[in-house]
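Numbering starts at 1 and runs along the sequence shown. Side chains included, hydrogens not; waters and symmetry mates left out as well; all remaining heavy atoms used.
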Amino acid sequence: MSSDPPGDAGPSWLASTIKALLEEKYAPGRVPGVRKISADIGAANGGEAISHGHVGNILNGTAGNLTDRTRTLLATFFGKNPGHFLRSTSLQPTGAKQPDPQHVQALAARLATFDAAQLAAIQQAIEIVSSRTEPGPDPA
């Protein structure tokens, strides 16, 4: 099993996070097989499940990224915020104030509900803001 670079939301982090939650949900040493887990996820989400194959890939560390759909299904199943399944990265400049994790999780959960056009508009706004090297003149 490969290790992930610090700050990376890779498969090892994801697998260990999901395994720990499964141990909490089912009790240590009593975690069922992937087919049962998949069925239980479906039961918790009104029939919408994650395939047992994908559950297996998550648990063995070959599925490094979760789609918004998968993250939402897992959040409902485990009773967590969808942001719980996002690993924070160390992309902040040195000396930058660290955001409140609850705010980050709330924002991530909100963004997970946006459609492609809304996400594209947000990305465009971020690109506009980040392309500025110096603050513009103060409109007076």
Donor-acceptor pairs under 3.5 angstrom involving side-chain atoms of residues 117-126: please list them, not counting sequence neighbours.
| unit_1 | atom_1 | unit_2 | atom_2 | d |
| --- | --- | --- | --- | --- |
| Q118 | OE1 | D115 | N | 2.9 |
| Q123 | NE2 | E127 | OE2 | 3.3 |

Salt bridge (Lys or Arg N to Asp or Glu O under 4.0 Å) involving E48 - partner list, sequence neighbours excluded =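 E48 satisfies salt bridge (Lys or Arg N to Asp or Glu O under 4.0 Å) with R69 once adjacent residues are dropped.
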Separation of [Y] [atom2] from [X] [atom1] (nearest 0.5 Å):
{"X": "R30", "Y": "L22", "atom1": "CZ", "atom2": "CG", "answer": "14.0 Å"}
{"X": "H52", "Y": "I41", "atom1": "NE2", "atom2": "CD1", "answer": "12.5 Å"}
{"X": "I58", "Y": "I37", "atom1": "CD1", "atom2": "CD1", "answer": "10.0 Å"}
{"X": "F77", "Y": "K25", "atom1": "CZ", "atom2": "NZ", "answer": "4.5 Å"}

Listed partners of [X] passing side-chain hydrogen bond (donor to acceptor under 3.5 Å, both in side chains), at least two apart:
{"X": "E23", "answer": "none"}
{"X": "K36", "answer": "D40"}
{"X": "T70", "answer": "T67"}

Contacts of A75 meeting side chain to side chain contact (heavy atoms under 4.5 Å, CB included) (sequence neighbours excluded), chain-then-number -> P82, F85
Please check: side-chain N/O of [X] versus main-chain N/O of [Y], any donor-acceptor pairing under 3.5 Å?
{"X": "K80", "Y": "L74", "result": "no"}
{"X": "T72", "Y": "D68", "result": "yes"}
{"X": "N45", "Y": "L73", "result": "yes"}

Where is the tightest heavy-atom contact between [X] and [Y], given as atom of each residue plus distance?
{"X": "T62", "Y": "N60", "value": "OG1-OD1, 2.8 Å"}
{"X": "A49", "Y": "G42", "value": "CB-CA, 3.7 Å"}
{"X": "L59", "Y": "K19", "value": "O-CE, 2.9 Å"}

